[in-house]
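This report refers to the structure that appears directly beneath it.
To find a chain, count down the sequence lines: A is the first, B the second, and so on, and within it residues start at 1.
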There are 2 protein chains.
Amino acid sequence: MKEQFKLENQLCFRLYTASRLITQAYYPLLSEHGLTYPQYLVLLVLWEKDAQPVNDIAKRLMLETNTVTPLLKRMEAEGILSRRKGKEDARQMIVSLTRKGRDLQDRLSDVPATVGGAVICHSVTPETVPGLFGMLDDVIATLKDNINDKPVKE
Amino acid sequence: MKEQFKLENQLCFRLYTASRLITQAYYPLLSEHGLTYPQYLVLLVLWEKDAQPVNDIAKRLMLETNTVTPLLKRMEAEGILSRRKGKEDARQMIVSLTRKGRDLQDRLSDVPATVGGAVICHSVTPETVPGLFGMLDDVIATLKDNINDKPVKE
DNA sequence: GTATTTTATATCGTTCACGATGCAAATATA
DNA sequence: TATATTTGCATCGTGAACGATATAAAATAC
């Protein structure tokens with residue numbers, strides 16, 4: 001009843017802290033271009049495939065639309081992307097990169113390597129990264145399933 | 001210039017997602033007691049050692065005081081803890097648990113095991129957890145150093 | 001074809017995170 | 001002991017996250 005409450009034994013606290021610190025490592029690289037880290041994630045999704053509905057972006061990032069919608073609106077205000085109603089399905093909002101949004105990929109070309117280099121350490125190297133990725137992917141998949149199963153129609 | 005931008009190759013996105021999903025797993029367990037996850041972290045710190053100044057709590061959680069102060073004020077309003085000026089150093093605010101705050105430890109006694117069980121999966125087991133902890137601790141330490149080194153007095 | 005349900009987004013309120021800045025108490029320096 | 005600097009905490013503004021709820025369009029049922 002004591003040991004389990006120690007901060008050192010918490011996986012969540014480690015993930016939470018590591019996530020925050022890496023995001024902070026992105027900060028100087030992104031803010032230079034007027035971007036935040038979640039906005040950068042949206043760009044990663046759109047660079048892979050342009051012109052997607054809000055829902056596809058949200059699903060890819062495993063976020064809710066109530067998080068993504070305001071994010072996209074801010075990016076639209078910055079001229080990074082545009083949002084237009086879907087032609088087939090008028091409920092959808094199709095999000096497309098503007099010229100400015102596409103050009104950012106070149107301007108941010110050294111961001112991944114810079115941040116990647118900053119996290120290399122004794123136990124996290126090109127050799128061990130796949131194992132780490134696997135464990136995190138596994139945790140994510142497990143939790144995702146649990147959450148989806150949760151709404152038990154009583 | 002393409003591969004490095006893929007979401008699947010990003011450590012940060014995995015950490016960010018895993019962190020968010022575990023926090024969501026805590027939600028039903030904590031909200032029942034009127035707590036959020038960051039508030040739970042504050043409790044973990046205070047259960048280990050009561051009556052700490054704001055700065056010690058912030059350092060332990062690797063957060064800034066501008067994040068912790070409002071958090072503590074909300075918890076004070078909930079009657080979970082109290083804040084009083086330090087006697088030796090009048091700049092300090094000493095944060096102490098109330099009876100209610102101490103009692104929460106018993107009421108939350110099965111939270112760690114419940115969440116811990118929810119993340120157990122193929123590649124994350126009691127055997128592999130120490131390795132995962134080590135890698136995350138290493139990343140955290142490395143990033144923490146980088147951030148502390150950053151303010152280069154030019 | 002109208003009613004019901006589902007789906008795609010959006011709005012709202014609260015709570016973090018965090019950069020920037022302010023202020024007062026303590027400490028160091030002159 | 002005056003002055004400068006550092007330290008501890010707080011305030012402010014902005015941008016996420018996210019639970020709850022709303023709204024309109026599409027799909028389904030009747």
Side-chain angles (χ1 to χ4, degrees), chain A residues 13 16-28 30-32 34-42 52-59 61-78 80 83-95 147 150-151 153, chain B residues 13 16-28 30-32 34-42 52-59 61-78 80 83-95 147 150-151 153:
Chain A
F13 176 61
Y16 163 79
T17 303
S19 170
R20 283 178 33 246
L21 293 181
I22 299 200
T23 301
Q24 287 176 31
Y26 275 98
Y27 182 78
L30 297 178
S31 67
E32 186 180 353
L35 292 171
T36 64
Y37 179 69
Q39 290 174 7
Y40 174 71
L41 290 181
V42 169
Q52 298 191 51
V54 172
N55 212 16
D56 288 16
I57 299 172
K59 280 216 175 73
L61 300 178
M62 294 191 239
L63 291 166
E64 301 297 318
T65 63
N66 56 4
T67 297
V68 174
T69 294
L71 193 55
L72 294 173
K73 282 188 169 180
R74 282 186 286 268
M75 293 177 79
E76 185 181 34
E78 294 293 325
I80 296 167
R83 305 181 315 134
R84 64 165 202 282
K85 273 206 174 150
K87 289 194 177 82
E88 300 172 18
D89 189 333
R91 292 170 302 180
Q92 291 185 331
M93 280 294 263
I94 308 296
V95 180
I147 288 166
K150 272 288 169 55
K153 290 269 201 286
Chain B
F13 177 61
Y16 162 79
T17 302
S19 171
R20 282 179 31 249
L21 293 181
I22 298 200
T23 300
Q24 287 177 31
Y26 276 98
Y27 182 78
L30 297 179
S31 67
E32 185 180 352
L35 291 171
T36 65
Y37 179 69
Q39 290 173 8
Y40 174 70
L41 289 182
V42 169
Q52 296 191 51
V54 172
N55 210 17
D56 288 16
I57 298 172
K59 280 215 176 75
L61 299 178
M62 292 189 241
L63 291 166
E64 300 298 318
T65 64
N66 56 4
T67 297
V68 174
T69 294
L71 192 54
L72 294 174
K73 282 187 170 181
R74 282 186 286 267
M75 295 177 77
E76 185 181 34
E78 294 293 326
I80 295 168
R83 304 182 315 134
R84 64 165 203 283
K85 273 206 173 154
K87 290 193 176 85
E88 299 173 19
D89 190 332
R91 291 170 304 181
Q92 290 185 332
M93 279 295 262
I94 308 296
V95 180
I147 287 166
K150 272 286 169 57
K153 291 270 201 289

Calculate the interatomic distance between [X] atom [atom1] and [N] atom [atom2]; express it in whole Å.
X	N	atom1	atom2	value
E32(A)	dG19(C)	CD	C1'	17 Å
Q24(A)	dC16(C)	CD	C1'	14 Å
E76(B)	dT15(C)	CD	P	15 Å

message: Check this for me: does the side-chain of R91(A) come within 3.5 Å of the base of dT9(C) through a donor and an acceptor?
response: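 For R91(A), whose side chain was compared with the base of dT9(C), there is no donor-acceptor pair (under 3.5 Å).
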- request: Answer with yes or no whether N66(A) presents, from its side chain, a donor or acceptor under 3.5 Å of a partner atom in the base of dG19(D).
  value: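 By the distance-only test, yes, there is a pair.
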message: I'd like to check L72(A) versus E76(A) (side-chain heavy atoms, cut-off strictly below 4.5 Å). Are they in contact?
response: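 Counting from C-beta outward, L72(A) and E76(A) never come under 4.5 Å.
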Students often get this wrong, so: under 4.0 angstrom with heavy atoms, is [X] touching a base, only sugar-phosphate, or nothing?
X	result
Q92(B)	sugar-phosphate
P70(A)	nothing
K59(A)	nothing
Y27(A)	sugar-phosphate
T36(B)	sugar-phosphate

- request: Return the 5'-most residue of the pair R20(B), K87(A) with respect to DNA chain D, ranking by each residue's nearest nucleotide.
  value: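 First, find each residue's nearest nucleotide; the 5'-ward one identifies R20(B).
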query: If each of Y16(A) and D89(A) is mapped to the nucleotide of DNA chain C with the nearest heavy atom, which maps nearer the 5' terminus, i.e. the 5' end?
result: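 The 5'-side residue here is D89(A).
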